[in-house]
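Below, chains carry the letters A, B, ... as their sequence lines are ordered, and counting in each starts from 1.
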There are 2 protein chains.
Amino acid sequence: MHSQFTIDCVILSFDNGTLQVLLTERNEYPYKDWWSIPGYFVDKYEEMEDAVYRICHEMTGLKNIYMDQLAAFAGVKRHPEGRILTVAYLAFVQYDSIKSKIKPVSTYMKQAKWFAINDLPDLAFDHLEIINKSLGRLKNTISYSASLYELLPEKFTLTQLQLLHEAILGKTLDKRNFRKKINTLGYLKPLDEYQKGVSYRAAKLYKLDKRKFHKVIGQG
Amino acid sequence: MHSQFTIDCVILSFDNGTLQVLLTERNEYPYKDWWSIPGYFVDKYEEMEDAVYRICHEMTGLKNIYMDQLAAFAGVKRHPEGRILTVAYLAFVQYDSIKSKIKPVSTYMKQAKWFAINDLPDLAFDHLEIINKSLGRLKNTISYSASLYELLPEKFTLTQLQLLHEAILGKTLDKRNFRKKINTLGYLKPLDEYQKGVSYRAAKLYKLDKRKFHKVIGQG
DNA sequence: GCAAAAGTGTTGGGGTTACACCCATGG
DNA sequence: CCATGGGTGTAACCCCAACACTTTTGC
């Protein structure tokens, strides 16, 4: 028995210099065979915080990802079978580590697939609007949120981090200034490891020092 | 005929150096005779943007105030008669100009009254949580939002503006630095008018130049 | 004249911007 | 040896924080 509202999850990632969003192909009416952001009805006695994890898992196969509430959407005509309110959530995940795990558990979705944010298919319901709202949120919370680093591999190069910032902000940044700033932040740990398999000078790898991050951000 | 979700309005104001929130005394069960933030059910075919104005007017007598969506709240136990999701909205209004107009239109509320944010009565439902979330939002959006100035009279002194910032940020600010910063903003218009009825040097009055505000903020 | 708040500048430090070349690696 | 991205410093400027006294007014 479920309630009369749904949860939809905007799951963003970063690959190839562009932001990616995880979409699912619907296997049920309405909007059968359309791409949509993963979502479903909340159970009657289920807290939203629990529902969002369950639904994300059932629709995409992904587990244990951290989601933030984005907004409620309740346009009278957003759902063809009568108004259904949805609460949208936003999550960041790193592309590579979960690539192979993406597969709907529920038969409600046929498949799940990444799409570049600039090259989306037609979307079910008002899901385009929801995605656009997510991008605005991302722009505002950049650099205040550890979850930004969920978008990158655990070990990343400074160039990857810069490309991510550029993709979010929609403008190019100066390499030297970017690195200077990164240094002053104090919560990026340089590793004694380097990129592999590239046909040019291998870049140093870094990782987020979560301890220090929370110390620094907690105060600022 | 209404839907199965409600809208609740956090209406903030500023008077006497402290933030104030407008609460309504409930005249119906559940939580009859309790103080609550004004809210009610959305009609089945009513857009949220319309509902929020209607509900605000019916419960408080206030019209034409601008509201922003804050978040959805849907705790299983938040409503004693079964889970009811609410979408909370946030508005700022200036205290003096609407003091006399505050009176519920609907009999669903007995009265509406301002409370200092630091001295709230027990509240119905999860309304305390909703108010606390509003204050967090206010802190984050300070100085980016023209609606901040809805909290002040149309003509205000720089000291009033400073006290408002201090109330929101929860710390004192340096007078000279504050004024210097205000000057650089470029969207506060000094008037050729002064405070009246004070027993000390009368302060110059200012008002927000909305034209310039949108020019400046639109770019930054 | 006194109480109460208005109004006003300067300095030092920290952060941001603009800008260009050499280095290491794989093919 | 060439193509590709990795990595590095300095100077000008702007913004922010710290700090105290004089002015105006009503009573």
Side-chain angles (χ1 to χ4, degrees), chain A residues 14-18 139 142-144 152-153 155-207 212-213 215-217 219-220, chain B residues 14-18 139-140 142-144 152-153 155-207 216-217 219-220:
Chain A
F14 183 67
D15 184 59
N16 225 307
T18 37
K139 221 182 245 190
I142 192 174
S143 74
Y144 299 115
L152 292 171
K155 301 171 183 180
F156 50 86
T157 68
L158 294 183
T159 300
Q160 282 177 302
L161 183 59
Q162 183 177 343
L163 286 171
L164 173 58
H165 277 77
E166 290 178 343
I168 293 173
L169 296 174
K171 64 178 181 186
T172 59
L173 301 172
D174 179 87
K175 184 162 47 157
R176 278 173 295 187
N177 292 336
F178 183 78
R179 284 164 186 240
K180 227 181 313 166
K181 184 160 184 189
I182 289 300
N183 264 329
T184 67
L185 295 179
Y187 51 73
L188 287 186
K189 234 200 322 244
L191 304 173
D192 280 329
E193 289 180 66
Y194 293 83
Q195 259 183 323
K196 279 176 188 158
V198 291
S199 73
Y200 45 81
R201 178 173 176 182
K204 196 182 244 296
L205 294 172
Y206 289 74
K207 64 191 276 190
K212 286 192 186 164
F213 179 87
K215 214 178 286 180
V216 173
I217 297 298
Q219 294 164 351
Chain B
F14 182 66
D15 185 59
N16 226 306
T18 35
K139 219 181 245 191
N140 289 331
I142 192 174
S143 75
Y144 299 115
L152 292 171
K155 302 170 183 180
F156 50 85
T157 68
L158 294 182
T159 300
Q160 283 177 301
L161 183 59
Q162 184 178 342
L163 287 170
L164 173 58
H165 278 76
E166 290 178 345
I168 294 172
L169 297 173
K171 63 179 182 186
T172 59
L173 301 171
D174 179 86
K175 184 160 53 154
R176 278 173 294 189
N177 291 336
F178 183 77
R179 285 164 185 240
K180 227 179 311 164
K181 185 160 184 189
I182 290 300
N183 264 328
T184 66
L185 294 179
Y187 51 73
L188 287 186
K189 238 202 318 246
L191 304 173
D192 280 330
E193 288 179 67
Y194 294 83
Q195 258 182 326
K196 278 175 191 161
V198 291
S199 72
Y200 47 80
R201 178 173 177 181
K204 198 183 243 294
L205 294 172
Y206 289 74
K207 63 190 277 190
V216 173
I217 297 299
Q219 294 163 353

note: B:Arg176, atom CZ; D:dA20, atom P; distance rounded to Å ~ 8 Å
Can you tell me the distance, in whole Å, between the OH atom of B:Tyr200 and the P atom of D:dT25?
14 Å
Please report the distance, rounded to the nearest Å, between CG in A:Leu158 and C1' in D:dG5.
13 Å
Let me check something: any side-chain donor-acceptor pairs from residues 155-163 of chain B under 3.5 Å, sequence neighbours excluded? List them with distances.
| unit_1 | atom_1 | unit_2 | atom_2 | d |
| --- | --- | --- | --- | --- |
| B:Lys155 | NZ | B:Glu193 | OE1 | 3.3 |
| B:Lys155 | NZ | B:Glu193 | OE2 | 2.9 |
| B:Thr157 | OG1 | B:Gln160 | N | 3.1 |
| B:Thr159 | OG1 | B:Arg179 | NH2 | 3.3 |
| B:Gln160 | OE1 | B:Thr157 | N | 2.9 |
| B:Gln162 | NE2 | B:Glu166 | OE2 | 3.1 |
| B:Gln162 | NE2 | B:Leu173 | O | 3.0 |

At 4.0 Å (heavy atoms only), tell me whether B:Thr157 reaches a base, stays on the sugar-phosphate, or touches nothing.
nothing
What are the bounds, 5' to 3', of the part of DNA chain C that sits under 4.0 Å from heavy atoms of chain A?
C:dT16 to C:dG26
Any A:Arg179 side-chain nitrogen or oxygen under 4.0 Å from OP1 or OP2 of D:dG7:
yes
Do B:Asn183 and B:Lys180 have side-chain N/O donor and acceptor atoms under 3.5 Å apart?
no
Nearest whole angstrom, please: distance from the P of D:dC21 to the CG of B:Asp174.
15 Å
What is the distance, to the nearest angstrom, from the OH atom on B:Tyr194 to the P atom on D:dT23?
17 Å
For A:Lys175, which contact category applies under a 4.0 Å heavy-atom criterion: base, sugar-phosphate, or nothing?
base
Indicate, with a heavy-atom threshold strictly under 4.0 Å, whether B:Thr159 touches base, sugar-phosphate, or nothing.
sugar-phosphate
Nucleotide N/O to protein N/O under 3.5 Å, stretch nucleotides 10-13 of chain D:
| unit_1 | atom_1 | unit_2 | atom_2 | d |
| --- | --- | --- | --- | --- |
| D:dT10 | O4 | A:Lys180 | NZ | 2.9 |

